[in-house]
**Q** 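I'd like to ask you about the structure that follows.
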Amino acid sequence: MNRSLSIRSGKGNSTTSSPTHRKGFSFASLRGSIQPELSRRLYRLIKSTNNLISAHETAGKERDTIARELSEWGEQTQDEAVSDISDKVGVILSELGAQEDSYAHNLDDARGILKTIRNTEKSVQPSRDSKGKIADEIQKLKLKEPQSTKLVILEQELVRAEAENLVAEAQLTNITRKKLREAYDAEFSAVIERAEKQIILAKHGQRLLALLDDSPITPGDARRVYEQGGAARQVLNDAEDDLKTWEVNRGQDLLIEHEATGSGSGSGVPRGGGEVSTKSHATGTSTNKTVDARDEEEFATASSSPTRHNE
């Protein structure tokens with residue numbers, strides 16, 4: 001890839017300057033600003049992923065709309081070949097839209113895993129703050145009253161705070177590494193599922209187009225009789241069978257992986273994409289979630305327990 005090895009900002013050593021865009025005020029930005037410092041960046045990442053999910057949901061709906069409009073247009077051409085092929089190409093497009101919706105659902109699952117890290121960061125922040133606050137009090141007291149008996153008490157409190165913080169930091173490290181791996185393994189598995197199913201559908205879509213005779217006719221000649229209806233139906237059946245085969249093969253791969261690792265926690269398991277349907281995109285996998293419903297999760301206050309989802 002013709003890119004730098006990191007997309008992280010140079011923080012002063014960048015050779016190019018980009019204009020600063022000031023963001024407007026919103027409840028989302030307000031909630032982001034009141035997040036603990038430790039979890040603020042991950043909070044923004046999770047919110048951005050929410051926008052990505054919405055974009056793919058919208059893309060799936062638009063695919064379905066385009067599929068219906070293509071089918072309706074083909075019907076009104078009064079050309080039997082165009083009508084049949086456009087209708088069946090619409091079925092392929094509709095299924096592509098269903099894959100976008102399924103992909104959005106898988107992204108939402110991966111996003112949920114990242115929330116575990118965010119909640120753990122929130123629970124660790126008070127421990128860090130407490131340790132820092134006690135250390136600051138000790139330094140101030142040493143400057144004002146070096147012989148104060150309160151120093152002994154504060155130093156004991158600092159020892160306890162440091163011990164508690166060590167436990168919290170260790171838990172944060174463990175959860176962060178485990179859940180980061182799980183989240184993006186799930187996302188990359190979803191990307192592979194979406195891409196491979198799109199390839200399957202696109203190839204069968206090209207097979208359908210090959211059935212349409214586009215050789216020119218001269219004025220006055222009658223249209224050639226369309227005799228590819230059965231072959232076009234078979235293409236859709238083949239597409240459905242290929243998607244089923246993909247699911248079966250994926251299940252076998254997961255079973256082999258499970259047996260090899262001896263662990264039942266297979267992260268990144270893609271959700272079933274389903275069969276090719278001659279109905280509208282509404283019959284495909286649907287998340288039935290709105291942006292507002294997901295945004296409401298962010299109002300919930302995370303539990304002090306690092307292992308609990310409190311969405």
Side-chain angles (χ1 to χ4, degrees), residues 53 56-77 79-110 186-214 226-258 266 268-289:
I53 292 168
H56 282 287
E57 288 176 339
T58 300
K61 293 175 183 176
E62 292 299 328
R63 275 285 191 192
D64 187 59
T65 299
I66 291 169
R68 289 198 309 271
E69 290 176 347
L70 175 64
S71 177
E72 292 168 359
W73 166 81
E75 186 178 23
Q76 63 90 38
T77 62
D79 184 329
E80 184 180 2
V82 172
S83 176
D84 188 55
I85 295 300
S86 63
D87 184 46
K88 290 178 170 57
V89 168
V91 172
I92 296 292
L93 293 178
S94 180
E95 186 61 24
L96 285 170
Q99 295 308 319
E100 288 293 334
D101 198 55
S102 178
Y103 178 62
H105 192 96
N106 289 331
L107 284 180
D108 200 33
D109 289 343
E187 180 165 340
F188 289 139
S189 293
V191 170
I192 292 171
E193 176 183 354
R194 171 172 168 260
E196 290 182 348
K197 288 183 176 180
Q198 283 180 329
I199 290 172
I200 290 172
L201 292 167
K203 286 183 176 180
H204 288 297
Q206 289 179 325
R207 285 180 61 198
L208 284 172
L209 295 175
L211 299 176
L212 184 61
D213 184 2
D214 62 350
Y226 176 65
E227 300 176 343
Q228 302 295 337
R233 286 192 297 273
Q234 185 58 44
V235 170
L236 293 184
N237 291 335
D238 291 344
E240 181 177 357
D241 291 341
D242 285 349
L243 289 178
K244 288 181 179 179
T245 300
W246 188 96
E247 295 291 346
V248 172
N249 291 339
R250 178 57 179 166
Q252 292 175 346
D253 290 343
L254 291 174
L255 180 61
I256 293 172
E257 180 182 349
H258 167 74
V269 180
R271 307 178 71 88
E275 307 165 359
V276 174
S277 170
T278 56
K279 297 181 181 180
S280 70
H281 172 56
T283 62
T285 305
S286 174
T287 62
N288 294 325
K289 296 178 181 178

**Q** Of all residues at least two apart in sequence or in a different chain, which pass the side-chain hydrogen bond (donor to acceptor under 3.5 Å, both in side chains) check with Gln198?
**A** Glu100
**Q** At their closest point, which heavy atom of Ser86 faces which heavy atom of Gly74, and how far apart are they?
**A** OG-CA, 3.2 Å
**Q** Tell me the closest heavy-atom pair linking Leu201 and Leu243, and the distance in Å.
**A** CD2-CD1, 4.1 Å
**Q** Using the test side chain to side chain contact (heavy atoms under 4.5 Å, CB included), find all partners of Asp242 that sit at least two apart in sequence or belong to another chain.
**A** Ile200, His204
**Q** Can you sort out the partners of Glu196 under side-chain hydrogen bond (donor to acceptor under 3.5 Å, both in side chains), two or more places apart, ordered by chain and number?
**A** Trp246
**Q** Using side-chain hydrogen bond (donor to acceptor under 3.5 Å, both in side chains) as the criterion, list what pairs up with Ser71, not counting sequence neighbours.
**A** Asp87
**Q** Roughly how far apart are Arg250 CZ and Leu254 CG, rounded to 0.5 Å?
**A** 4.0 Å
**Q** Salt bridge (Lys or Arg N to Asp or Glu O under 4.0 Å) with Asp238: which residues, sequence neighbours excluded?
**A** Arg207
**Q** Test of understanding: with side chain to side chain contact (heavy atoms under 4.5 Å, CB included), list the residues that count as partners of Gln76, not counting sequence neighbours.
**A** Trp73
**Q** Identify, with sequence neighbours excluded, every residue that meets salt bridge (Lys or Arg N to Asp or Glu O under 4.0 Å) alongside Asp241.
**A** none
**Q** Kindly compute the distance separating CG (Leu211) from OH (Tyr226), expressed to the nearest 0.5 Å.
**A** 6.0 Å
**Q** Could you state the interatomic distance from CG (Asp101) to CZ (Arg194), rounded to the nearest 0.5 Å?
**A** 12.0 Å
**Q** Under the salt bridge (Lys or Arg N to Asp or Glu O under 4.0 Å) test, which residues partner Asp84, sequence neighbours left out?
**A** Lys88
**Q** Under the side chain to side chain contact (heavy atoms under 4.5 Å, CB included) rule, collect the residues that match up with Glu62, sequence neighbours excluded.
**A** Thr58
**Q** Return the set of residues passing side chain to side chain contact (heavy atoms under 4.5 Å, CB included) with Arg63 (not counting sequence neighbours), or none when no residue passes.
**A** Leu93, Leu96
